[in-house]
Amino acid sequence: MKDKNNESVPLADLPVGAEATIIKILPNMRGRKKFADVGIMAGADLILEAKSLFGGLLRVRVMETSMAFHARDAKNILTKVRKNEKAI
Amino acid sequence: MKKRFKAVLAGNPNCGKTSIFNALTGARQHVGNYSGVTVESKSGFFEIGDISVEIVDLPGIYSLSSGSPEEKIAFAELTKKGVDLIINVVDSSIPRRNLYLTTQLAELGIPMVLAFNMSDDAKKKGLSFDMPKLEKYFGAPIVQTIGRTGSGIEELASKIAKTLKLQTRSARPMPAYGTDTDDAIRAVSEAVEKYGGKNISHIPVRFFAIKLLENDSCVAAIPELNQAKPEALNQMRHLREKHAIDPESYMADRRYAMIAGACAGAVSASRERRREISDKIDAVMANKFFGFPLFLIIIYLTFFFTFTCAQPFMDWIEAAFGFMSDSVKAAWDENTLPFWRSLLTDGIIGGVGGVIVFLPNILFLFFAIAILEDSGYMARAAFIMDGIMRKFGLQGRSFVPLVLGFGCNVPAIMATRCIESERDRTVTIMVLPLMSCGARLPIYALVIPAFFAAEYQAAMMWIIYIIGVAVALLAAKIMRNTLFKGDGEIYLMELPPYRIPTVRSLLLHMWDRGKIYLHKAGTIILATSVLLFIANTYPQKTVFSKDYDAIAEQAMKTGKEKGEPEEKINGIIAALENEKSSEMLEYTASGRIGKFLEPMFSPIGFDWKLTTASIGALAAKEVFVSQLGILYAEGETDENSDTLRERLAKNYTPAQGFCIMLFSLMSIPCLATLAVMKRELNSWKLMLVEALALFAVAYAATAAVYQTCLLFGIGTKLIP
Ligand SMILES: Nc1nc2c(ncn2[C@@H]2O[C@H](COP(=O)(O)OP(=O)(O)OP(=O)(O)O)[C@@H](O)[C@H]2O)c(=O)[nH]1
């Protein structure tokens, strides 16, 4: 984890329970618009609620809704941690 | 003559749109919680005062762009000519997210009414709204509703009527996206104005300009806009290079900012309660460690409910049909029109009764599935299952159609429309027939108790289902690695908060399924029962290899002379009659087909009767049961005849019993399934390949199992 000194952390690397703010979405990310449509864009606050047991999916609370999407896509979402909760 | 208007119902997934649609129209439609359950747009009517309103229910969407099939459908409906009103259902407990779509709908310039649904939840959360302010901002009347109780629906209907009569178009200034972007929008608008034709003149040019700048594929595909595209590209480049604005995501950002502006002062919040409860449930249900075992248990319970709890109802139905058939037989002399007597009792009452008896199974199963969907668990299941599904080349979204496949493959194949990726969808459709549908349940329900002791029955059923799932996953994996290679598409799914399903919605859903099943019983199955009955009766044999009647008489005489017990004599006579019926059956059309194919099917443990029944099962899987019922009814020797189950147990070994199930599970699905497959895959070739492949797999697997059983003597003895 490299969130020590306000560095950006890819969403996929956050621990479960972490609260973070999106600071940048990498330009090469697929489906940027689709994500933006559900509020996943720079400036948005989110909570990483869960990672799926068999890998692959993240469950992220954004704008009071839980959305599930792939860690592979979430690699392109850079965040800044606000609160780092221990994994449940 | 009432004046007619057309309204479309639009809103985010899970905002309660279907509930509002039902409350307004009284239409029977399923209410579900899985994102995008309403994939096809449905319509209904309602009348108020002197007007009649047609409502088209659109699929749930987050945005008016064209990323998914749902969005494409919604886009097409909304931009069609002749839409008089948009009814925008908003989940008012999460206004910021839901109003995002509203800002885009407003750009269409069509009169609009907003239903602030889930107002009970909003209240619980402590949200309060400054309605006049919001109405002014969105230029549309707003009504607070509770979809599940119908509260606020009357007011909604009257606001709809009023807006339709006045035809008030939104008068508010269009949302501003910021100076640079607005300049670009204006330039593209001019180009659209200049080149765009009559076909799109009912929508403001500004709408198209924004969508072109967002690089929206549906809008880009409109031929009238072709000539405006270069200008759009030009402006996009300009925005990117000169102002470092990426219009594709910038517009979204601006819209959210607008909403934040509109909500500031108009919406106030205090706490978040519903989510808290939902989160507590999720802490267990979607738990990293318990989640998966719980999921397996829930699926097992669903089957238990379907199988065991429905049993008493099935017994009643069985008794009722037996009574009906016996009454007709008693009232109708054996010698008057014997063909028609037997067609009615054995063919029609027997055949249809044999199918209707499984109605309780179907109703119970769909009741359970409706609970899973409406409560919101289905979306969790998709989340839990995604990782596993992906290992087999499928995805979490494939999971729901696959589970629906346990009910009926036909709606399940239609439900694959929620899978955006074409490849994932094709593969899901292709493996779906391996999900053991409700119509195959009668076969298991017949066979399992015939060959397996009560304590193993649920487990046996479970094994059969698991085999289906395992083969399906394996097949999917193979297909994804060979025929359908490639990268998956973007996956984005909402996990709605848990909700207690309404009894009304569960019953509606259950009843809908029951209706479909009964309809099938009344049409296809009735017709095939009659056809099969005729095929099972004609041509009639008149000359036999032995003179059975004479032999029987002789046996009776000698038996009596020797003073043998009545039972023994009756037994001998029954055996003779059975032999005669067999000979008669072999002579009939279906007997001949079965006989002809028997050598081909004997390696899988099938005799010609089972072969004949399997052919009948092509019409509908449950026909297998009614067909066997007819075939074995022919051998009936006395009033206290055995049930079909008992007869099966006398004629086949447990190994054969298992093979019956295995083959029925994997072989070619029913004609209705093949028909929707053809439609959804849009290819005759794929459908035919699929049918042949399924037959080959079923044959190979069943043969392997049967031969192994023979080799090791597993279950090869008749049950005493
Ligand atoms: N508390 C509350 N629940 C509601 C309300 N309206 C609908 N529901 C419930 O919300 C769930 C989803 O409702 P639907 O009507 O299926 O929602 P939808 O928008 O049609 O959903 P999709 O078709 O899946 O997009 C169901 O369990 C409803 O019973 C409401 O006003 N308040």
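Just so we're on the same page: letters track the sequence lines, and every chain starts at 1.
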Spacing of [atom1] belonging to [X] relative to [atom2] belonging to [Y], to within rounding of 0.5 Å:
| X | Y | atom1 | atom2 | value |
| --- | --- | --- | --- | --- |
| Ser66(A) | Arg380(B) | OG | CZ | 7.0 Å |
| His70(A) | Leu492(B) | NE2 | CG | 10.0 Å |
| Tyr250(B) | Met41(A) | OH | CE | 11.5 Å |
| Tyr62(B) | Phe35(A) | OH | CZ | 12.0 Å |
| Ile47(A) | Asp279(B) | CD1 | CG | 8.5 Å |
| Met67(A) | Arg97(B) | CE | CZ | 6.0 Å |

Legend entry - Minimum-distance pair of heavy atoms, taken over all atoms of Leu495(B) and Ala68(A):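 So the two residues come closest at CD1-CB, 4.4 Å.
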Legend entry - Within 6.0 Å of NZ in Lys391(B), more than 12 heavy atoms from elsewhere: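 Check passes, neighbour count above 12.
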Inset, instruction - Using a 4.5 Å cut-off on heavy atoms from C-beta on, say whether the side chain of Lys125(B) contacts that of Glu64(A). - result: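 Contact flag for Glu64(A)/Lys125(B) side chains = yes.
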Inset, instruction - For Tyr256(B) and Asp37(A), indicate whether the former's side chain and the latter's backbone hold a donor-acceptor pair under 3.5 Å. - result: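 Present.
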Legend entry - Atom group of Tyr100(B) that falls short of 4.5 Å from chain A, counting heavy atoms: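 Contact with chain A involves the side chain of Tyr100(B) alone.
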Inset, instruction - Name the region of Met63(A), side chain, backbone, both or neither, that has any atom closer than 4.5 Å to a heavy atom of chain B. - result: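 Contact with chain B involves both backbone and side-chain atoms of Met63(A).
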Legend entry - Contact origin within Ala44(A) toward chain B - heavy atom pairs under 4.5 Å: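 For Ala44(A), no heavy atom lies under 4.5 Å from chain B.
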Inset, instruction - Salt-bridge test for Arg59(A) and Glu494(B): reply yes if a basic N is under 4.0 Å from a carboxylate O, no otherwise. - result: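 Here Arg59(A) does not pair with Glu494(B) in a salt bridge, since their nearest N and O are not under 4.0 Å apart.
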Legend entry - Residues Glu214(B), Lys33(A): salt bridge by 4.0 Å N-O rule: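 Salt bridge: yes.
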